[in-house]
Amino acid sequence: MQYDLSIEPVMNIKRLRSELKAWGRYWASQEKGLGYASRNACDRLGEPITTGYFNARESITPNHIILYDVKINGLAVKCRQAIRAQYVCRGKWELMGFESKKNFLFWLNRGEINLF
């Protein structure tokens, strides 16, 4: 039996990464332009990651962003840090405290695989 694409598209790594890029762009724009202007999006990388559904303006977060927030919060801390560094801060893994790029890529790949 063939898979019917009209029902639900197949999730693959390419689609996952494009959705994570959209997630990262959304949170980077929220951090940069809505009340966090005194600090850029990557200043707080060493601090614990918290996901709030209400921000200073109480704007409504899109459902697909909330879905990825919930999925990412279920990952290990290092996976969350790696995904945030890659997609929100555009690959600035050095700021997150990873010892090497190899270590960063390990946690990033592990997090992406766990999101399937």
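Keep in mind that this is a model prediction, so the values were computed, not measured. FYI, side chains are in, hydrogens and waters are out, and symmetry mates aren't considered; it's all heavy atoms of this structure.
Considering CG of Leu115 and CZ of Arg110, their distance stands at 12.5 Å, rounded to 0.5 Å. Between Lys14 atom NZ and Glu19 atom CD the span is 13.0 Å, to the nearest 0.5 Å. Taken to the nearest 0.5 Å, the CG atom of Leu67 stands 12.5 Å off from the OG1 atom of Thr61. Arg84 contributes atom CZ, which lies 14.5 Å from atom CG of Leu108 (distance to the nearest 0.5 angstrom). With rounding to the nearest 0.5 angstrom, the CD1 atom of Ile66 is 13.5 Å from the CH2 atom of Trp23. The line from CE of Met96 to CZ of Arg80 is 10.0 Å long, rounded to the nearest 0.5 Å.
Surrounding CG of Asn12 are more than 12 heavy atoms belonging to other residues, nucleotides or ligands, all under 6.0 Å away.
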**Study point:** side-chain contact (heavy atoms from CB on, under 4.5 Å) evaluation trace for Phe98 with Lys78
**Key:** CA-CA 9 Å; Phe98 290 103; Lys78 287 285 190 183; 3.9 Å; yes
Exercise for review: Kindly determine whether Trp93 and Gln86 satisfy side-chain contact (heavy atoms from CB on, under 4.5 Å), including the steps that lead there.
Suggested key: CA-CA 7 Å; Trp93 58 269; Gln86 177 68 24; over 6 Å; no
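Of the listed residues (Leu75, Ile83, Ile72, Asn109), just one forms a side chain to side chain contact (heavy atoms under 4.5 Å, CB included) with Asn114, and that residue is Leu75.
The shortest distance between side-chain heavy atoms of Gln81 and Phe104 does not fall below 4.5 Å.
For the side-chain hydrogen bond (donor to acceptor under 3.5 Å, both in side chains) test, residues two or more places apart in sequence or in another chain that qualify with Asn103 are Glu99, Trp107. Under the rule for a side-chain hydrogen bond (donor to acceptor under 3.5 Å, both in side chains), the partners of Arg17 that lie at least two apart in sequence or sit in another chain are Glu112.
In terms of heavy atoms, Val88 sits closest to Gly24 at CG2-CA, 3.8 Å.
Cation-pi geometry between Lys21 and Tyr26 is not met at under 6.0 angstrom from the ring centre and within 45 degrees of the axis.
Hydrophobic clustering of Ile, Leu, Val, Met, Phe, Trp and Tyr side chains at less than 4.5 Å, counting indirect connections, keeps Leu20 apart from Ile113.
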